[in-house]
Amino acid sequence: MPSVCFTLFSVLLIASLPNFQGYATSDLHIRSSSPFSVALETLQKQLGYTFKSIHLLRRAMTHASFSEENNKALSILGANVIETAVSFQSLSKDIDISSKDLNLIIAEISKVESSCTGDASRLGLQKVVRVSPKTNSSAPSVVCGAFRAIFGAIAIDAANCDAAGKVFWDVHGAKLGVALPF
Ligand SMILES: *[C@@H]1O[C@H](CO)[C@@H](O)[C@H](O)[C@H]1NC(C)=O
């Protein structure tokens, strides 16, 4: 009986192997050659973070106008990651900071028109994010949504928010040439 089992198993394995290999090879080919995949590779290098699940970054760089699988919910998590990172750092530096001052700092960093768009443009997200033909990929709401979604995607990929907060500081602080921007 064991040999029958083994034979059956071998036959099944061999029968399924060509399909599996065919799928893996073509999938790899698509991933490594499309401009979008190349852009995702570059973006990971810019972020200094390599995704275990690249589909999360793929989703983060997909606007709701492009497909039902998009970055909307990830950008909510990302916005929260950013607010948490900013609040944590502000209170770590000054435990006596007023709620008014803290809210001002959070508002400033979350403003679509200023810091968010700047950070997103520096990463060139307007050239990466996938949108429908009618959507302007440079629109602040589009690039900011994608920018925030990156940190939601990292949090899910790393299964914690600290890694995402660190990447945020690296990216946000980069414009000043310092690690911590305040
Ligand atoms: C797209 O949005 C950017 C940023 O708001 C703007 O400067 C540009 O003119 C827009 N392009 C088109 C074709 O509307």
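In each ligand, atom 1 is the first atom listed, and ligand 1 is the first ligand listed.
- No N or O atom of S138 sits closer than 3.5 Å to an N or O atom of ligand 1.
- For atom 2 (O) of ligand 1, the nearest protein heavy atom lies under 4.0 Å away.
- With respect to Y49, the side chain to side chain contact (heavy atoms under 4.5 Å, CB included) criterion is satisfied by exactly one of D157, L43, L57: D157.
- In this structure, of T135, N136, V143, the residue bringing a heavy atom nearest to atom 13 (C) of ligand 1 is N136.
- Atom CZ of F147 and atom CD1 of I82 lie 5.0 Å apart (nearest 0.5 Å).
- For the pair T84 (side chain) and N80 (backbone), a donor-acceptor distance under 3.5 Å is present.
- For atom 7 (O) of ligand 1, no protein non-hydrogen atom is found at a distance below 4.0 Å.
- Although no hydrogens or angles enter the test, the distance criterion places no donor-acceptor pair under 3.5 Å between the side chain of D119 and the main chain of C116.
- No donor-acceptor distance shorter than 3.5 angstrom exists from the side chain of S90 to the backbone of S87, with no hydrogens or angles considered.
- For ligand 1, the atoms closer than 4.0 angstrom to any heavy atom of P140 are 5 (O).
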